[in-house]
Amino acid sequence: DTEYGSFSNYRSFMDNPFARFSYARVTEAIRRQGAVPVAELSHSGLYANKWKNPPGIAYGPVETENCGRQILAMDEEMIARTISKFAGAAAFAKECGFGMVMIHAGHGWLLHQFLSPQLNTRKDKWGGADIENRSRLTVEVCKAVRKAVGPSFPVEIRISGSECYEGGYGIDEGVAYSKQFDGLVDLIHVSAGHHEVEEVYTITHPSLFLPDGANVHLAAEIRKHVNTPVATVGALADPELMEEIIADGRADVVELARGLFADPDLPGKARAGEKENIRPCMRCLACFSALVDKGEFYCAVNPENGREMELRADIPGARPKKVIVAGGGIAGMQAALTCAQRGHDVTLYEKEARLGGTLLCEENVPFKKLLSNYIHYQERQVRAAGVYVRLSEKLTPEKAQEAEADVIIASLGARPFKPPIPGIDNANVMSAEYAYVNPDTVGERPVILGAGLVGIELAIYLSMLGRKVTVIEMLPAINHGGNHMHARSLPVQIKKHDIRIHLNTKASEIGTEGVHCVDLTQPEGAGAQLIPADTVIYAVGQKSLTEEALKFNGSAPEFYQIGDCLSPKSIIAATSAAFEAARNIGRNS
């Protein structure tokens, strides 16, 4: 519903007849690959039109207030219009070549709002305490869609099996709703949560803090009570786990998205028994953050994702060159791999005994298991591509010159920045990197300087080990470094582990008894306090090894500087820069 159902101006509208040819081109392209294009039909309800300036009219189950505007209650006429809009959208989708439609009745959208006992307190047949009444709108939408598309056209419905928060409905109600839809659709797709409830946002979109298949139990319970096939979704990228879910009857269908961003060939590789060659998804939510910021899904571990238009035509073949990569971290491995795939003779030097760089310090962190999987995957790919890997050997400019390479790629990384605070060299002070590797040396009451992702994730890890952690941050908020979707999972963990955070607070001196601080919101000289600590850990950023990298500038005709030694950023930035630099080597000579 373009007028009353839109969550943002970037959505596609199925009541726009002029979109027919655009949709048809998309569906035809999908069908050519042997896949079935599916149209997701969603109405935003009370969250509609809030993006407009000024915000537009929105309807929900009842009259209420949302984001400072009055939400109107749907009357009989608006309910009838909405049912008709769903049916019309489904029919239009079928005409445009879609092979299935999915009715979205979960995650807080309109149909879910009617299912919600908290939001739907109507006194008529469309709501209230009775589950049948609260289900009525969704049931009527299912019936209308079925009539519009015919008996043999597949129809799926997505629901939240549980809202997963105190006060929301649980799995018992999820089962009851599923029984209402049983037989009306061809597939009941069981997800979880409510996108407008902060504490469950990263249950709906499972974060790296959750286990693989975090929401499968909801589908498994619902499947016991319905005859319609059931699908599960969320934190699914391991083919063995997906096979197990189907084999033991927890679900009939598994659905995944982020795993396919990381490796679009995942199904084919799984079918061929090549699990070790599947690029693992880290569930870091960089893809979702990129969509919100840039309007495109970009993957932290797959530099080709989101750039398909640029890469659809192969670039001219490269003249093979002798390439030396200095540094075997995230950027260095990707650069070496892409260069080898382009036909270059590649040698990778790493001064440590293993590939992986700084991020190896997190390999024993339980919620970083997927990061460790990715590092091991990249190492396997680098070796399989024919890269000559020289471990425990530091490349020097002299060695590089003696090798007579055509290209030097410097990917030396960065080192923890040590803030100039009195007492920073005390025996009870260490870097976050050291604390990750040596958690046993951290006392019972550590204080972490810096509330960026490194500091907060370290605080969570140490709290899991039983420490009572305090974090000090000069800024007024946690610094998520651009990954704001992942950051939405942090408050849940901070609360769960009782981590104390002092924002707008500056460490003025470190002593044996703790950290002396000042409150930056108070006048100078006021707000001083001592935060007790037996260990102080600094996590205030990284300092690029730029000068060391630049020493290689004259060691070969071509020189590239990538990754953290150029500017400390993120995994997605490192892989993207490495991929592009390596891809262009040898194109014009």
Side-chain angles (χ1 to χ4, degrees), residues 38-43 45 61 74 79-80 82-91 93-94 98 100-117 119-120 122 125-164 168-194 204 215-234 249-255:
V38 181
E40 178 183 303
L41 309 181
S42 180
H43 189 299
M74 280 192 164
I79 287 174
T82 301
I83 295 169
S84 177
K85 283 286 188 178
F86 270 99
K94 183 179 180 181
F98 286 96
M100 185 166 82
V101 293
M102 190 264 277
I103 301 166
H104 203 326
H107 298 178
W109 301 119
L110 174 69
L111 299 182
H112 184 178
Q113 292 162 27
F114 270 79
L115 296 175
S116 168
L119 295 174
N120 186 357
R122 296 173 71 107
K125 68 179 183 179
W126 301 102
D130 186 74
I131 279 182
E132 185 175 348
N133 284 351
R134 291 202 306 273
S135 305
R136 194 179 305 278
L137 176 58
T138 307
V139 167
E140 291 304 318
V141 165
C142 291
K143 290 178 178 178
V145 165
R146 172 59 68 206
K147 184 176 180 180
V149 298
S152 60
F153 189 83
V155 177
E156 175 184 16
I157 187 170
R158 172 186 280 172
I159 66 167
S160 290
S162 169
E163 291 186 302
C164 302
Y169 71 75
I171 184 58
D172 290 342
E173 289 89 345
V175 169
Y177 293 136
S178 299
K179 289 180 178 179
Q180 295 291 316
F181 314 138
D182 194 14
L184 298 178
V185 295
D186 300 288
L187 185 64
I188 299 175
H189 170 169
V190 182
S191 184
H194 188 304
T204 300
N215 297 324
V216 173
H217 65 285
L218 301 173
E221 184 59 30
I222 285 173
R223 190 176 183 272
K224 298 174 185 176
H225 302 275
V226 297
N227 295 314
T228 303
V230 170
T232 186
V233 69
R250 282 179 282 172
D252 302 287
V253 175
V254 291
E255 303 196 9

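Residues take their numbers from the sequence shown, with the count starting at 1. What you are looking at is a predicted structure, and each value in this text was computed from that prediction instead of being measured. Hydrogens, waters and symmetry mates play no part in the numbers below; they use all other heavy atoms, side chains included.
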Evaluate side-chain contact (heavy atoms from CB on, under 4.5 Å) for Val139 paired with Phe181, printing each intermediate quantity in order. CA-CA 6 Å; Val139 167; Phe181 314 138; 3.9 Å; yes
Taking salt bridge (charged side-chain N to carboxylate O under 4.0 Å, His left out) as the test, write out the residues that go with [X], two or more places apart.
{"X": "Glu132", "answer": "none"}
{"X": "Arg134", "answer": "none"}
{"X": "Lys94", "answer": "none"}
{"X": "Glu221", "answer": "Lys224"}

Using the side chain to side chain contact (heavy atoms under 4.5 Å, CB included) criterion, which residues pair with [X]? Sequence neighbours excluded.
{"X": "Val101", "answer": "Ala39, Leu41, Ala90, Ala93, Val145, Phe153, Val155"}
{"X": "Thr228", "answer": "Asp182, Val185, Ile188"}
{"X": "Ala220", "answer": "Arg250"}
{"X": "Ala192", "answer": "Cys164, Ile203, Asn215, Leu218"}

So which heavy atom on [X] is nearest to which on [Y], and how close?
{"X": "Cys142", "Y": "Leu184", "answer": "CB-CB, 4.1 Å"}
{"X": "Ala231", "Y": "Glu255", "answer": "CB-OE2, 3.5 Å"}
{"X": "Leu119", "Y": "Pro61", "answer": "O-CB, 4.0 Å"}
{"X": "Ser160", "Y": "Gly193", "answer": "OG-O, 2.7 Å"}
{"X": "Ala176", "Y": "Ile131", "answer": "CB-CD1, 3.6 Å"}

Output yes when a side-chain donor or acceptor of [X] lies under 3.5 Å from a complementary backbone atom of [Y], and no otherwise.
{"X": "Arg122", "Y": "Met74", "result": "yes"}
{"X": "Ser84", "Y": "Ala80", "result": "no"}
{"X": "Tyr177", "Y": "Ile159", "result": "no"}
{"X": "Arg223", "Y": "Gly249", "result": "yes"}
{"X": "Asn120", "Y": "Gln113", "result": "no"}

Does Ser162 have any side-chain hydrogen bond (donor to acceptor under 3.5 Å, both in side chains) partners at least two apart in sequence or in another chain, and if so, which? none
Glu140 meets the side-chain hydrogen bond (donor to acceptor under 3.5 Å, both in side chains) criterion, sequence neighbours left out, with none
Atom [atom1] in [X], atom [atom2] in [Y]: separation rounded to 0.5 Å?
{"X": "Ser42", "Y": "Leu111", "atom1": "OG", "atom2": "CG", "value": "7.5 Å"}
{"X": "Glu163", "Y": "Ile171", "atom1": "CD", "atom2": "CD1", "value": "12.0 Å"}
{"X": "Ile103", "Y": "Glu156", "atom1": "CD1", "atom2": "CD", "value": "9.5 Å"}
{"X": "Ile79", "Y": "Arg136", "atom1": "CD1", "atom2": "CZ", "value": "10.5 Å"}
{"X": "Ser135", "Y": "Glu173", "atom1": "OG", "atom2": "CD", "value": "10.5 Å"}
{"X": "Met102", "Y": "Leu187", "atom1": "CE", "atom2": "CG", "value": "9.5 Å"}

Sorted by first residue and then second, give each side chain to side chain donor-acceptor pair (under 3.5 Å) pair with at least one member in residues 141-153; sequence neighbours left out. Arg146-Asp186
Would you call the rings of His107 and His104 parallel, tilted or perpendicular, where under 30° means parallel and over 60° means perpendicular? perpendicular
With side-chain contact (heavy atoms from CB on, under 4.5 Å) as the criterion, how do Leu137 and Leu115 come out once you've worked through the C-alpha distance, each side chain's angles and the decisive distance to 0.1 Å? CA-CA 9 Å; Leu137 176 58; Leu115 296 175; over 6 Å; no
Starting from the C-alpha separation in whole Å, work towards a yes-or-no answer on side-chain contact (heavy atoms from CB on, under 4.5 Å) for Val254 and Thr232. CA-CA 5 Å; Val254 291; Thr232 186; 3.8 Å; yes
Just do the side-chain contact (heavy atoms from CB on, under 4.5 Å) check on Lys85 and His43 with the steps written out, would you? CA-CA 9 Å; Lys85 283 286 188 178; His43 189 299; 5.9 Å; no
Counterpart residues, ring-ring contact (aromatic ring centres under 6.0 Å, His included), relative to His112 (two or more places apart): Tyr169, His194
